[in-house]
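Because only heavy atoms are used, hydrogens play no part in the values below, and waters and symmetry mates are left out as well, while side chains stay in. Indexing begins at 1, ligand by ligand and atom by atom, following the structure's order. On a predicted model such as this, the values are computed, not experimentally measured, just so you know.
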Amino acid sequence: MDYIKYLEEEHAIINRVLNRVEEKCVSIVEDNKVDIKFFSTFVNFTREFTDQVHHAKEEGILFKDMVEIIKGPAINVINHGMLVEHQLARHYIASLDENIAQYIEYKTPLAKAQILANALSYVNLMRSHSKKENDLVYPFSERMFEDDTKEMIQEKFDDYINSKANERKQKRKDQLLKILEN
Ligand SMILES: [Fe+2]
Ligand SMILES: [Fe+2]
């Protein structure tokens, strides 16, 4: 599959999960219920799929080649934009992970409020981030790359997608999705 299409389809999977997170946050407010299993699974999903599968291909292949080949304007968009947002997203998840542990241990209202704050910050950030990539960053790379560069990137994607490691990660993603979309 065309690598841009592939990344956009991964965004669609990520967005499905973000919608579920939002629903679970609403149920904290409305029903005073914190679904610990859901939020812990969500933390794992962001690390094992969003980071290790999706961001891995952006950071390790597409964005890396954009910076090296397009240079100038790509350095700004990628290094000072997209990569900073990936780091901020990881920061929200690390905080959320701590909030969950705090909530399990002490059940404080503050821990509950922080779960909401960090989970929704992540949802808002990632929605706008993937929209920016779909609407601006990916099309920018398409305009700037020569055809042989696109072919070279496509080969790198195909190698990654057809690897045994990726097969394992996809199975794991399906298991996590089952819990998150249950
Ligand atoms: Fe990204
Ligand atoms: Fe992305």
Side-chain angles (χ1 to χ4, degrees), residues 1-22 25 39 41-97 117-145 149-163 165-177 180-181:
M1 187 195 291
D2 171 71
Y3 65 86
I4 298 287
K5 189 106 202 62
Y6 198 87
L7 290 172
E8 286 173 351
E9 288 198 0
E10 289 181 339
H11 284 166
I13 295 169
I14 292 166
N15 280 324
R16 264 162 51 192
V17 170
L18 298 180
N19 292 342
R20 287 290 290 151
V21 173
E22 206 168 44
C25 286
F39 283 103
T41 306
F42 166 60
V43 166
N44 291 334
F45 176 86
T46 68
R47 289 175 173 157
E48 295 178 53
F49 180 72
T50 309
D51 268 336
Q52 291 175 26
V53 175
H54 180 70
H55 291 162
K57 287 194 293 303
E58 288 180 341
E59 293 180 5
I61 306 175
L62 178 62
F63 291 173
K64 189 165 177 279
D65 284 338
M66 285 176 73
V67 167
E68 281 171 12
I69 296 166
I70 305 170
K71 301 194 175 79
I75 293 173
N76 210 23
V77 170
I78 301 302
N79 292 356
H80 306 141
M82 298 303 105
L83 298 189
V84 173
E85 291 185 353
H86 287 183
Q87 273 310 108
L88 185 56
R90 289 179 187 117
H91 165 76
Y92 287 139
I93 292 301
S95 302
L96 177 62
D97 202 16
N118 284 303
L120 288 176
S121 296
Y122 183 89
V123 168
N124 295 336
L125 172 67
M126 288 305 288
R127 275 188 187 142
S128 80
H129 178 82
S130 53
K131 186 169 184 339
K132 231 179 286 170
E133 288 175 339
N134 288 355
D135 295 350
L136 301 167
V137 181
Y138 298 163
F140 170 63
S141 78
E142 288 289 273
R143 284 197 306 277
M144 299 301 279
F145 282 148
T149 306
K150 290 180 198 166
E151 277 165 33
M152 181 262 294
I153 294 173
Q154 186 66 50
E155 272 174 36
K156 291 188 204 173
F157 264 72
D158 290 342
D159 286 347
Y160 181 97
I161 289 161
N162 296 323
S163 68
N166 184 54
E167 197 182 309
R168 266 198 311 277
K169 285 174 186 169
Q170 293 299 329
K171 273 197 192 133
R172 174 72 177 150
K173 174 214 46 177
D174 291 337
Q175 286 173 349
L176 295 171
L177 276 177
L180 294 170
E181 295 191 310

For this session: Output yes when a side-chain donor or acceptor of Asn15 lies under 3.5 Å from a complementary backbone atom of His11, and no otherwise.
Result: yes
Problem set entry | the Fe ion (ligand 1) to nearest N/O/S of Glu85 less than 2.8 Å | no
Exercise. Where the side chain of Lys150 meets the backbone of Glu142, is there a donor-acceptor pair that is under 3.5 Å apart?
Worked result: yes
For this session: Have a look at the Fe ion (ligand 2) and estimate, to 10 degrees, the angle subtended by OE1 (Glu133) and NE2 (His54).
Result: 170°
For this session: Classify the side-chain pair Asp174/Gln170 by whether it contains a donor and acceptor separated by less than 3.5 Å.
Result: no
Exercise. Is the distance between the Fe ion (ligand 1) and the nearest N/O/S atom of His129 smaller than 2.8 Å?
Worked result: yes
For this session: Could you tell me the angle subtended at the Fe ion (ligand 2) by NE2 of His11 and OE2 of Glu58, rounded to 10°?
Result: 120°
Exercise. From the Fe ion (ligand 1) out to just under 2.8 Å, does an N/O/S atom of His86 turn up?
Worked result: yes
Exercise. Between Glu58 and Tyr138, do the side chains contain an N or O donor and an N or O acceptor separated by less than 3.5 Å?
Worked result: yes
Exercise. Between Asn124 and Leu120, is there a donor-acceptor pair closer than 3.5 Å when you use the side chain of the first and the backbone of the second?
Worked result: yes
